[in-house]
Structures are given as C-alpha cells and as structure tokens.
Amino acid sequence: MIDGMSFEPLQRELDRWQAAGRVARFWLRDDDAIEPTPHLERLLAVTGESAVPLTLAVIPGLTGEALAARLAAEYAVSVAVHGWSHTNHAGPERKKQELGSDRPADVVLGELAEGFRLLERRHPDRFLPVLVPPWNRIDAALIPALPGLGFAALSVYGRAKPGGPLPLLNTHVDIIDWHGTRGGRGGEELVAELVAELRDRFAGSDEPIGVLTHHLVHDAAAWNFLSALFAATGRHPAVRWSGAPALLQT
C-alpha cells in the first residue's frame, strides 16, 4: 500500500520478473509542453527526485525561448516534436487530428520540417528526433516521408506493430481520464494495465513500457499516482526507467 493505493499486483508481477532474472524497461512521455509553468516545475521535481528520465513532447509552433532556458540544465530531459501547433484539422464528425489527410501532404510535412528545425535549434543538447503526433494520430501516407525530414522514430499510443518505415517508441498506459473527469484515473485500474503490459513483455515482447502523462491537466489523483508509481518501481531490482535517447539506441 503506497499513499492509499494498492500496488500489490504490480509488486507480485515484478517479483516474478526478479525471480526469473529479468528486468522490465519503462519510459515516461509527457505531452503538450509549451512554456515553464508551476505544473511543469512539479513534474520536473517529481521525476528529478525519483531519477526518472523524462521526454517532453513540445509543441513547436507555440513554444519559445523561455522553455529552452528552463530546460537548459535538465540533463535527464529530452525534447520531442509534438506536431506543429496542436490544431485540429479534421471534420466535425471525425476524431481530432492535426497530421491527417484533410490538408495537402506538402503543407503538413512542411510544418513538421519547420517544427523539427525549430526545436533542434532551441534545444540542441536535449533534442530528440522523434515525432509525437497530437492526439497520437497521423495519416499513414505521411509516415514514409518522415525519415527524409530527419525523424528517427515515431511515438504514438498502443503496442507497436513491426514492419513500418521507421521505428516506434510508443506509450501504453495513459494516467488521464480523458472521457470522464479529465483528471487522474483510478490507481487500481492503472496498476492493472501496468501488470497486463508486464505480462505481455514477460511472454516474449521486448517493447519498453511507455507511461503517458499531461502535466498541464494533472490533478491531485494524477500527481499522487505518479509519485506512488515511482516509489513502487524505483526501488525494485526488476525495473529500469530509461530515457528515450537510450531506448532508441537499443
């Protein structure tokens, strides 16, 4: 029991990994960063205290020098490209999407190229050539062009399907209840999802488990779960929290 949440199912699964001499890889992606805010400060503090590397998906068209200056000394933070302006261009009856087929491909790719160059210039020591599509959606016809823009990987949501034109570094457990409270989801449900992901990896998949957060909308439940998760996993010998740059090299 950690902060009123039962992590016992997770602990049992990790103990099984330890008994088998195996180590599960986790990574953390946080979306929609734009500028320094109190919520960002809290995220940096929580991850820093727990020694958990952080990948911030930054919106190029909305960010500025203030965020670059704030992250300059954050050596465990990497910066990925979160589309261009996080603008929905899909029709009213369709799921939200910025990188869809509603606009000419050259326009969409031009924005991505500009976003890549902008973040690479502003965050030279922290830049990660990874595209994180807003709402985790991208038209499949655009993906083959991404390596030509400099992207080394794509990060969306869900278990990766092999055979695409560039590597996937996905997230799998989103701590936000987007269809309900729009705050943190229940700890029991999140623990169950983490256990399911671990069991999938134990059965043979070597995909790192990605935890997805959105610091700008975190409520007390979200912050409490994140802190408790880091406490439960940070001390366990069967867990390694890795930074996205290291994962892309393996």
Side-chain angles (χ1 to χ4, degrees), residues 1-31 42-55 76-78 136 155-162 167-215 217-250:
M1 187 76 68
I2 299 177
D3 290 341
M5 287 180 273
S6 177
F7 278 75
E8 184 178 349
L10 180 61
Q11 296 285 355
R12 287 199 305 268
E13 182 63 25
L14 291 175
D15 289 346
R16 181 167 77 115
W17 279 67
Q18 183 181 5
R22 298 180 61 181
V23 176
R25 297 180 300 165
F26 286 76
W27 77 289
L28 179 66
R29 193 188 96 200
D30 183 274
D31 288 1
R42 185 167 184 177
L43 179 66
L44 293 172
V46 169
T47 55
E49 291 165 2
S50 303
V52 172
L54 169 65
T55 295
V77 176
S78 55
N136 289 295
S155 181
V156 289
Y157 189 82
R159 294 178 186 175
K161 298 178 181 179
L168 291 171
L169 182 59
N170 283 0
T171 55
H172 310 88
V173 178
D174 188 342
I175 74 170
I176 300 299
D177 179 12
W178 293 110
H179 301 292
T181 66
R182 297 187 69 84
R185 294 169 59 203
E188 182 177 342
E189 183 180 17
L190 289 168
V191 167
E193 287 189 10
L194 288 167
V195 169
E197 295 295 336
L198 282 164
R199 289 175 178 168
D200 172 74
R201 306 311 189 273
F202 196 89
S205 171
D206 63 352
E207 185 179 2
I209 298 172
V211 176
L212 177 58
T213 64
H214 288 75
H215 67 276
V217 299
H218 283 194
D219 58 3
W223 289 120
N224 290 342
F225 177 81
L226 205 58
S227 296
L229 174 63
F230 294 161
T233 57
R235 296 187 295 266
H236 204 289
V239 173
R240 181 170 69 247
W241 283 93
S242 300
L247 292 173
L248 289 176
Q249 295 174 4
T250 60

(message) Under 4.0 Å between a side-chain nitrogen and a carboxylate oxygen: does that hold for D177 and R182?
(response)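 Looking at R182 together with D177, the answer is no, because their closest N to O distance does not fall below 4.0 Å.
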Looking at [X] and [Y], what are the two nearest heavy atoms and their distance?
X: A244; Y: T55; value: CB-OG1, 3.2 Å
X: L194; Y: L10; value: CB-CD1, 4.3 Å
X: Y157; Y: D174; value: OH-N, 3.2 Å
X: H214; Y: H218; value: O-CD2, 2.8 Å
X: V191; Y: P9; value: CG1-CB, 4.1 Å
X: G184; Y: D219; value: N-OD1, 2.9 Å

Are [X] and [Y] side-chain neighbours, meaning at least one heavy-atom pair lies under 4.5 Å?
X: L190; Y: L229; answer: no
X: R29; Y: L54; answer: no
X: Q11; Y: R16; answer: no
X: L14; Y: V239; answer: yes
X: R201; Y: I209; answer: yes
X: V217; Y: I176; answer: yes

Excluding sequence neighbours, so at least two apart, what forms side-chain hydrogen bond (donor to acceptor under 3.5 Å, both in side chains) with [X]?
X: D30; value: T213, H215
X: E49; value: none
X: R25; value: T250
X: E207; value: H172

Would you check if the side chain of [X] reaches a backbone N or O of [Y] as a donor-acceptor pair within less than 3.5 Å?
X: S78; Y: P245; value: no
X: T181; Y: G183; value: yes
X: T47; Y: L44; value: yes
X: W27; Y: N170; value: yes

(request) Find the distance between CZ (R42) and CG (L226) and round it off to the nearest 0.5 Å. (result)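 R42 atom CZ to L226 atom CG measures 9.5 Å (nearest 0.5 Å).
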(message) Rounded to the nearest 0.5 Å, what separates atom OG1 in T171 from atom CG in N136?
(response)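 Rounded to the nearest 0.5 Å, the OG1-CG separation comes out at 5.5 Å.
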(message) Please enumerate all residues that pass side chain to side chain contact (heavy atoms under 4.5 Å, CB included) together with A24, with sequence neighbours excluded.
(response)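 In terms of side chain to side chain contact (heavy atoms under 4.5 Å, CB included), with neighbours along the sequence ignored, A24 is linked to W17, F26, L198.
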(request) Tell me, please, which residues at least two apart from S242 pass side chain to side chain contact (heavy atoms under 4.5 Å, CB included). (result)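 In terms of side chain to side chain contact (heavy atoms under 4.5 Å, CB included), with neighbours along the sequence ignored, S242 is linked to R240, L247.
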(message) Assess the residue pair F225 and F7 against the criterion (ring pair (Phe, Tyr, Trp, His ring centres under 6.0 Å)); give the C-alpha distance rounded to whole Å, side-chain angles, the decisive distance to 0.1 Å, and a yes or no.
(response) CA-CA 10 Å; F225 177 81; F7 278 75; 5.8 Å; yes
(request) Please check if any side-chain donor atom of T233 sits under 3.5 Å from a side-chain acceptor atom of W241, or the reverse. (result)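 There is such a pair (donor and acceptor under 3.5 Å, judged by atom type) between the side chains of T233 and W241.
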(message) side chain to side chain contact (heavy atoms under 4.5 Å, CB included) for I175 and W223? Distances and angles first, verdict last.
(response) CA-CA 10 Å; I175 74 170; W223 289 120; over 6 Å; no
